[in-house]
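All values below come from the heavy atoms of this structure, side chains included, with hydrogens, waters and symmetry mates left out. Keep in mind it's a predicted model, so treat the numbers as computed, not measured.
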Amino acid sequence: MSANDEFSLLKNVPNVLRARGFRLYTQGGRRLTDLWLNGGAAVLGHTMPNMLRELKNTASRGLYAPFPHFTERRFLKALSQLFPNRVFRIFAAPPEELALNIINTDKHGFTRINKEEDGKSGVSIKFWRPYTDPSDPFAADSPLIIAALPGIQSWRNGLPLGLCVIAAASEELLSHLPPNDILPPVLLTMASRGVYNLLASPERGKPALPRVNKALNKSRWRRKGIYLYLKEKPDNDTRILLFNKFLESGFLLPPTPAHPLILPAELSDGEESKLAQLLLE
């Protein structure tokens with residue numbers, strides 16, 4: 001599936017003029033509650049604290065190109081606070097050694113298995129999302145992790161582009177991968193700010209949403225932290241109908257089945273009631 005096919009449902013969305021917090025404002029004057037949040041890159045909202053300041057400060061120095069810069073060390077330090085006792089690789093996109101050998105395996109999330117050439121299962125890879133477990137929003141126990149982090153990312157086949165972070169329990173687990181890419185300082189600065197904002201916002205993983213929780217007991221959805229997954233994978237026609245139904249009601253669903261629905265940190269009483277009703281249909 002090409003990247004264009006993967007996100008083709010976004011063509012049904014009116015032109016978006018502004019993104020503020022967890023809502024989108026379109027050219028036609030509509031407000032959409034964002035349940036996609038760019039696959040998790042906007043899990044803290046589209047206007048994270050201090051993000052614009054970091055962007056302006058770095059961009060004003062013209063640091064758009066992939067120059068060696070101290071921001072890489074700053075980003076790795078931030079990652080070490082989020083994932084203690086880990087070693088990291090950072091890439092512009094998942095390296096070929098990894099991306100070509102990933103298959104979906106876990107119905108409960110984004111766990112994948114890296115297959116060795118002889119067909120035997122290699123190291124288990126977890127696609128880690130923050131706030132998956134409300135009791136421990138930063139828990140991550142898999143030996144090898146691909147992390148979805150706040151900041152600027154794009155996606156292809158469910159994997160992050162622009163910035164791909166791999167966290168491993170040991171250097172040995174990364175031995176088959178190339179060294180770090182040199183990434184633009186403007187990207188790494190914003191990524192560092194995103195991680196620090198994440199560390200400062202543990203309460204994000206505990207939205208109450210009583211109407212939504214009640215609806216989930218009778219719906220086709222199941223909840224894992226702030227994420228909702230369909231219990232049974234729909235066919236393409238059903239997925240399109242579902243996307244359009246939510247869109248007509250003022251909600252943006254993930255355009256690709258590789259991404260879960262993400263519950264926003266802010267929902268008005270009216271938005272929560274409407275969402276609860278949609279989840280039951």
Side-chain angles (χ1 to χ4, degrees), residues 6-48 106-110 129-135 137 148 150 155 158 201 203-281:
E6 190 176 4
F7 296 100
S8 61
L9 284 176
L10 288 178
K11 295 176 182 178
N12 297 348
V13 179
N15 290 334
V16 175
L17 299 183
R18 293 185 298 126
R20 294 287 183 271
F22 300 91
R23 297 173 181 89
L24 311 173
Y25 299 85
T26 73
Q27 189 172 20
R30 294 190 65 195
R31 187 182 77 177
L32 301 175
T33 305
D34 189 358
L35 305 178
W36 176 38
L37 297 176
N38 193 15
V43 70
L44 297 177
H46 291 282
T47 45
M48 285 191 291
D106 188 353
K107 67 179 181 179
H108 297 296
F110 285 77
R129 294 180 176 276
Y131 313 119
T132 296
D133 179 0
S135 66
W155 307 87
S201 303
E203 71 281 356
R204 169 70 178 97
K206 303 177 182 179
L209 303 177
R211 299 178 187 89
V212 166
N213 284 333
K214 184 177 180 180
L216 289 174
N217 292 330
K218 303 176 183 179
S219 78
R220 67 172 84 179
W221 301 83
R222 55 186 170 79
R223 181 172 177 177
K224 189 177 183 184
I226 63 170
Y227 305 98
L228 300 187
Y229 302 87
L230 286 166
K231 294 175 182 176
E232 295 184 5
K233 184 177 179 180
D235 58 39
N236 193 54
D237 289 342
T238 302
R239 192 170 65 86
I240 293 171
L241 288 173
L242 195 64
F243 182 91
N244 289 333
K245 175 183 283 189
F246 272 70
L247 186 62
E248 290 167 6
S249 297
F251 295 90
L252 177 66
L253 279 185
T256 167
H259 294 163
L261 184 159
I262 303 177
L263 295 171
E266 301 171 0
L267 281 178
S268 68
D269 287 344
E271 288 170 327
E272 188 188 352
S273 295
K274 189 181 292 186
L275 177 58
Q277 183 60 42
L278 286 167
L279 294 173
L280 286 170
E281 295 177 359

What heavy-atom pair brings Pro254 and Phe243 nearest, and what distance separates the two atoms? O-CD1, 3.9 Å
Restricting to non-hydrogen atoms, name the atom on Ala148 and the atom on Pro130 that form the minimum distance, rounded to 0.1 Å. O-CD, 3.4 Å
How many angstroms lie between atom CG of Leu252 and atom OG1 of Thr33, to the nearest 0.5 angstrom? 9.5 Å
Taking C-beta and beyond as the side chain, do Trp221 and Leu280 meet within less than 4.5 Å on heavy atoms? no
The criterion is salt bridge (charged side-chain N to carboxylate O under 4.0 Å, His left out); which residues satisfy it with Lys214, sequence neighbours excluded? none
With Arg31, which residues qualify under salt bridge (charged side-chain N to carboxylate O under 4.0 Å, His left out), at least two apart? Glu271
What pairs with Pro14 under side-chain contact (heavy atoms from CB on, under 4.5 Å), at least two apart in sequence or on another chain? Thr26
Residues in side-chain hydrogen bond (donor to acceptor under 3.5 Å, both in side chains) contact with Ser273, at least two apart in sequence or another chain: Arg211
Interatomic distance, CG@Leu37 vs OH@Tyr227, rounded to 0.5 Å, equals 9.0 Å
Quick one: list whatever passes side-chain contact (heavy atoms from CB on, under 4.5 Å) with Ser249, sequence neighbours left out. Phe251, Lys274, Leu278
Minimal heavy-atom distance between Ser219 and Leu279, with the atoms involved, is CB-O, 3.0 Å
With rounding to the nearest 0.5 Å, note down the distance linking CG in Leu35 to CG in Leu261. 4.5 Å
Considering only heavy atoms from C-beta outward, does the side chain of Thr238 approach that of Leu241 to under 4.5 Å? no
Test: salt bridge (charged side-chain N to carboxylate O under 4.0 Å, His left out). Region: residues 227-237. Which pairs qualify, not counting sequence neighbours? none
Any Arg223 side-chain heavy atom under 4.5 Å of Leu263 side chain: yes
Among residues at least two apart in sequence or on other chains, which ones pass side-chain contact (heavy atoms from CB on, under 4.5 Å) with Asn38? Trp36, Ala41, Trp155
Distance, nearest 0.5 Å, that separates NZ of Lys224 from OH of Tyr229: 6.0 Å
Given the rule in the side chain to side chain contact (heavy atoms under 4.5 Å, CB included) test, do Leu24 and Val13 qualify, once you have shown the distances and angles that lead to the verdict? CA-CA 10 Å; Leu24 311 173; Val13 179; 5.7 Å; no
With sequence neighbours excluded, give me every salt bridge (charged side-chain N to carboxylate O under 4.0 Å, His left out) pair touching residues 249-267. Arg23-Glu266
Applying side-chain contact (heavy atoms from CB on, under 4.5 Å), can you list everything that pairs with Ile240, at least two apart in sequence or on another chain? Leu9, Asn236, Asn244
Step by step, work out the side chain to side chain contact (heavy atoms under 4.5 Å, CB included) result for Arg220 and Leu242. CA-CA 12 Å; Arg220 67 172 84 179; Leu242 195 64; 4.1 Å; yes
Can you name the nearest heavy-atom pair linking Arg129 to Ala258, along with the distance? NH2-O, 4.4 Å
Pairwise distance CD1(Ile262) to CG(Leu253) - rounded to 0.5 angstrom: 11.5 Å
Between Pro150 and Leu44 the two heavy atoms that sit nearest each other are CG-CD1, 4.1 Å
Which pairs, with at least one residue in residues 243-252 and sequence neighbours excluded, count as a salt bridge (charged side-chain N to carboxylate O under 4.0 Å, His left out)? Lys245-Glu281
Going by the rule side-chain hydrogen bond (donor to acceptor under 3.5 Å, both in side chains), which residues pair with Gln27 if we only count those two or more places apart in sequence or in a different chain? Asn15
Hey, could you give me the CZ/OG1 distance between Phe7 and Thr256, rounded to the nearest 0.5 Å? 5.5 Å
